[in-house]
Amino acid sequence: MSDMTKKSSNAMWGGRFAVGPSEVMEKINASIDFDKRLYREDIAGSKAHCAMLVKQGIISAEDGESIQKGLDTILREIAEGHFEFSAALEDIHMNVESRLRDLIGDAAGRLHTARSRNDQVAVDFRLWVRGAADELDKQLGLLLEALIDQAEENHDAIMPGYTHLQAAQPVTFGHHLLAYAEMLGRDRSRLRDCRARMNECPLGAAALAGTSFPIDRFATAEALGFDRPTANSMDSVSDRDFALEFLSLGSILGMHLSRMAEEFVIWCSEGFRFVELSDAFTTGSSIMPQKKNPDAAELIRGKVGRVMGSLNTLLVVMKGLPMTYGKDMQEDKEPVFDAADTLILCVTAMAGMVRDMKSNRERMMAATSAGFLTATDLADWLVRVLGLPFRDAHHVTGTLVKMAEDKGLDIADLSLEEMQSVESRITDDIFSVLTVEASAQSRTSYGGTAPTMVKAAAEAARKRLL
Ligand code: ARG
């Protein structure tokens, strides 16, 4: 026997083993350091299973009662921080069961009737991801509310709208913010789809084939708040789609959050100053006293990389696994825990940042004076009033933009005569469409940026998304 080999075999499954695992085996095998986070779910699953076993006459009411009491004690011990976790007992399931035996004796051994750790971990993990999904949904709701409130307040704050990060056409800040509300609204809808699909209970699939005991899977499913039991016992213990879906939608959400964070960084920079973030969501520099850095935004932008990495990790863990459960799947938890923590933190921070921010209407308006933002309005006037084909109007407008640029003027500052030198039929009326206010106000098409439309869109978003 080598030094690395322990003498005693595992108390929970050691029956056929002469010696215990080597130290390195214990190290690679144990998941308790991270899966202790599942203790609430594990105990809830065991309590539901135990109640069902009693109801079905599979274990006695007396044993059932002492198991329930023991599990309540363990829940308290862990919550209060005086439970001693043991790596030798591998995971949360066996830590709890072993403690149960200490507390109530032999009756503890009956809890695992008609169950395996395979369906146990599947139900624990689903319950955990479902809880995380619900918390994320709540925080997303708060972020959406903050965005819609700000959109309403800024429904008529005019700023340059960008394509290619080049000033394109006037839009309102409210309109810009509502674009993010749409993205996050879709994220929330994906989250709810994922939750609905995940809400099936794998408990009772046992190791992989089901069980010969007369269990009632519908009862345990209902007791744990699931819509129904899963349909196939083999799929039940091998499926981690619910976690992958959570990470997928989380990655898309993370992508949205990072785009939004990047815009905050841009808006706070000296060239823009469209927005001021509150002291609560910025930090100072230890050397440059004038600085107010948008660290929360930068961290959100950076942290979502973890979520995308987690999705990749779990996809790679699962790919190529044969049916049904494989120990590889123990690697499912850390990426999901980290991604859920990260998403909830980032959404919460973003909600606070959005709620606290102040828009700077003067700076936004000043920025609209560069970039010939009303060029499209000029072209549209040529089409509408003079009946030019849009392509010809585009060409005339381009010539006028070039003329203004050469003279260092905005197009609205060209004289009527200068304009007529390019297109003789232009009249004074053209100047009515060349202000950024008129431009924004004219965009009344459904989903457009006209302040009246944005105000109505904010109201509609409130009803649809909150
Ligand atoms: N700790 C394990 C996991 O997280 C529990 C399931 C173990 N099942 C087994 N047959 N060894 O996946």
Side-chain angles (χ1 to χ4, degrees), residues 9-17 20-22 24-46 48-49 71 74 78 83 85-100 108-109 111-132 198 201-211 220 224 230 232-244 246-247 310 313-340:
S9 65
N10 185 299
M12 311 302 285
W13 47 247
R16 78 185 293 286
F17 289 78
S22 75
V24 67
M25 180 57 206
E26 184 173 301
K27 200 163 175 189
I28 197 173
N29 200 29
S31 54
I32 189 63
D33 277 351
F34 49 86
D35 71 14
K36 59 179 158 206
R37 274 189 84 163
L38 297 174
Y39 77 91
R40 271 196 200 87
E41 291 76 14
D42 192 70
I43 290 172
S46 288
H49 183 65
L71 290 170
I74 296 169
I78 301 178
F83 185 96
F85 291 104
S86 149
L89 290 165
E90 287 182 34
D91 57 25
I92 185 63
H93 324 298
M94 296 202 294
N95 269 269
V96 170
E97 196 184 322
S98 164
R99 178 67 185 140
L100 190 61
L111 172 60
H112 215 50
T113 314
R115 185 176 78 169
S116 147
R117 272 191 294 157
N118 297 349
D119 60 336
Q120 193 179 356
V121 74
V123 75
D124 290 6
F125 198 33
R126 263 187 212 239
L127 286 170
W128 193 92
V129 177
R130 191 180 74 184
M198 107 169 77
C201 186
L203 191 59
L208 77 163
T211 176
T220 42
L224 294 167
T230 48
N232 178 293
S233 64
M234 294 178 77
D235 178 50
S236 305
V237 295
S238 79
D239 168 39
R240 292 296 181 269
D241 290 4
F242 59 95
L244 286 165
F246 179 75
L247 295 174
S310 294
T313 299
L314 189 54
L315 279 172
V316 177
V317 166
M318 295 303 294
K319 79 168 280 298
L321 286 189
M323 292 282 273
T324 52
Y325 176 85
K327 196 65 175 263
D328 319 45
M329 288 159 67
Q330 181 164 282
E331 291 295 307
D332 58 2
K333 288 166 208 70
E334 286 165 292
V336 171
F337 290 160
D338 188 71

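Each ligand, and each atom within it, is numbered from 1 in the order the structure gives.
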Does ligand 1 have any N/O atom under 3.5 Å from a protein N/O, and what are those pairs and their distances?
| unit_1 | atom_1 | unit_2 | atom_2 | d |
| --- | --- | --- | --- | --- |
| ligand 1 | 1 (N) | Ser31 | OG | 3.4 |
| ligand 1 | 1 (N) | Asp91 | OD2 | 3.0 |
| ligand 1 | 1 (N) | Gln330 | OE1 | 2.7 |
| ligand 1 | 4 (O) | Lys333 | NZ | 2.5 |
| ligand 1 | 8 (N) | Asn118 | OD1 | 2.9 |
| ligand 1 | 10 (N) | Asn118 | OD1 | 3.0 |
| ligand 1 | 11 (N) | Arg117 | NH2 | 3.4 |
| ligand 1 | 12 (O) | Tyr325 | OH | 2.4 |

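The minimum heavy-atom distance linking Ser46 with Gln120 is given by the pair OG-NE2, 4.0 Å.
The side chain to side chain contact (heavy atoms under 4.5 Å, CB included) test with Met329 singles out one residue from Val121, Leu321, Thr324, and that residue is Leu321.
Taking 4.0 Å as the cut-off between side-chain N and carboxylate O, Glu90 and Lys327 count as a salt-bridged pair.
Under the side-chain hydrogen bond (donor to acceptor under 3.5 Å, both in side chains) criterion, Gln330 pairs with Ser31, not counting sequence neighbours. Phe34 pairs by the ring pair (Phe, Tyr, Trp, His ring centres under 6.0 Å) definition with nothing, not counting sequence neighbours. Every residue meeting the side chain to side chain contact (heavy atoms under 4.5 Å, CB included) condition with Asn118, not counting sequence neighbours, appears here in chain and number order: Ser116, Ala207, Val237, Tyr325.
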